[in-house]
Amino acid sequence: MRGLSFTERVAALKDIYMENDSFIEIEQHGEKILLIERNCPFANVAMKPPALCSVTVNFLTMLLGFRVVRKETFQNGDGRCVFSILTNKPVDTRSYSFLHEK
């Protein structure tokens with residue numbers, strides 16, 4: 001992903017999970033970008049405290065260079081995870097530290 005523009009990284013993001021994965025969707029509404037997961041490969045583990053989910057949030061943040069937060073979760077009964085890419089909150093990926101979700 002190095003060397004790609006932000007738009008190109010977002011476009012490539014879906015295929016990182018699995019090429020043509022029908023359970024992953026990217027929605028963009030102006031500045032608002034959402035990654036929607038309708039299937040969790042770690043569902044049994046993720047239903048407990050979401051330490052594993054923090055890895056995903058941090059990975060996406062590092063990959064995209066912007067803070068990522070989960071807005072909907074399987075743990076809360078939403079039936080999916082929705083990650084919001086906060087394009088107004090860039091991060092310095094060279095000095096970024098792992099953040100644990102609560």
Side-chain angles (χ1 to χ4, degrees):
M1 297 283 249
R2 283 199 171 118
L4 296 179
S5 71
F6 175 70
T7 304
E8 292 168 327
R9 285 180 285 175
V10 170
L13 183 59
K14 183 178 179 209
D15 290 337
I16 287 174
Y17 287 82
M18 180 182 285
E19 191 171 349
N20 299 315
D21 188 340
S22 61
F23 292 105
I24 303 295
E25 183 180 343
I26 305 275
E27 287 184 3
Q28 186 165 358
H29 308 281
E31 295 291 315
K32 187 175 186 177
I33 301 171
L34 302 174
L35 169 66
I36 301 166
E37 290 184 348
R38 291 191 170 80
N39 186 23
C40 179
F42 312 110
N44 291 337
V45 175
M47 294 312 285
K48 296 178 175 48
L52 182 61
C53 300
S54 293
V55 172
T56 301
V57 168
N58 283 277
F59 171 75
L60 291 171
T61 296
M62 290 289 297
L63 186 70
L64 296 170
F66 291 92
R67 180 80 177 102
V68 174
V69 297
R70 286 190 316 154
K71 295 294 192 180
E72 296 179 28
T73 68
F74 284 102
Q75 293 93 343
N76 289 336
D78 296 315
R80 65 187 191 167
C81 279
V82 176
F83 300 89
S84 181
I85 303 164
L86 305 178
T87 57
N88 62 336
K89 295 193 178 192
V91 297
D92 181 353
T93 58
R94 295 167 298 187
S95 62
Y96 179 77
S97 295
F98 184 92
L99 298 174
H100 181 69
E101 280 192 326
K102 297 182 182 190

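Within the model, atoms CD1 of I36 and CD1 of I24 stand 9.5 Å from one another, a figure rounded to the nearest 0.5 Å. With rounding to the nearest 0.5 Å, the separation of CG in N76 from SG in C81 is 9.0 Å.
Residues K32 and T87 are not in side-chain contact: their nearest non-hydrogen atoms beyond the backbone lie 4.5 Å or more apart.
Counting all heavy atoms, side chain and backbone alike, I33 lies closest to F6 at CD1-CE2, 3.5 Å. The two residues Y96 and M62 make their nearest non-hydrogen contact at CD2-SD, 3.3 Å. When all heavy atoms of F83 and T56 are compared, the closest pair comes out as CZ-CG2, 3.8 Å. Contact record, L35 with L60: CD2-CD1, 3.8 Å, taken as the closest heavy-atom pair.
Shown are E37, E25, E72; of these, the side chain to side chain donor-acceptor pair (under 3.5 Å) with R80 is made only by E72.
A salt bridge links D92 with R94: the closest approach of a Lys/Arg side-chain nitrogen to an acidic carboxylate oxygen falls below 4.0 angstrom.
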Checking side chain to side chain contact (heavy atoms under 4.5 Å, CB included) for the pair V57/R67: CA distance, chi angles, key distance, verdict? CA-CA 8 Å; V57 168; R67 180 80 177 102; 3.6 Å; yes
Starting from the C-alpha separation in whole Å, work towards a yes-or-no answer on side chain to side chain contact (heavy atoms under 4.5 Å, CB included) for R9 and L63. CA-CA 8 Å; R9 285 180 285 175; L63 186 70; 5.7 Å; no
For side chain to side chain contact (heavy atoms under 4.5 Å, CB included), just list the numbers for S84 and V82, CA-CA rounded to whole Å, side-chain angles, deciding distance to a tenth of an Å, and then say yes or no. CA-CA 6 Å; S84 181; V82 176; 5.8 Å; no
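Under a 3.5 Å cut-off, the side chain of T61 and the backbone N or O of V68 do form a donor-acceptor pair.
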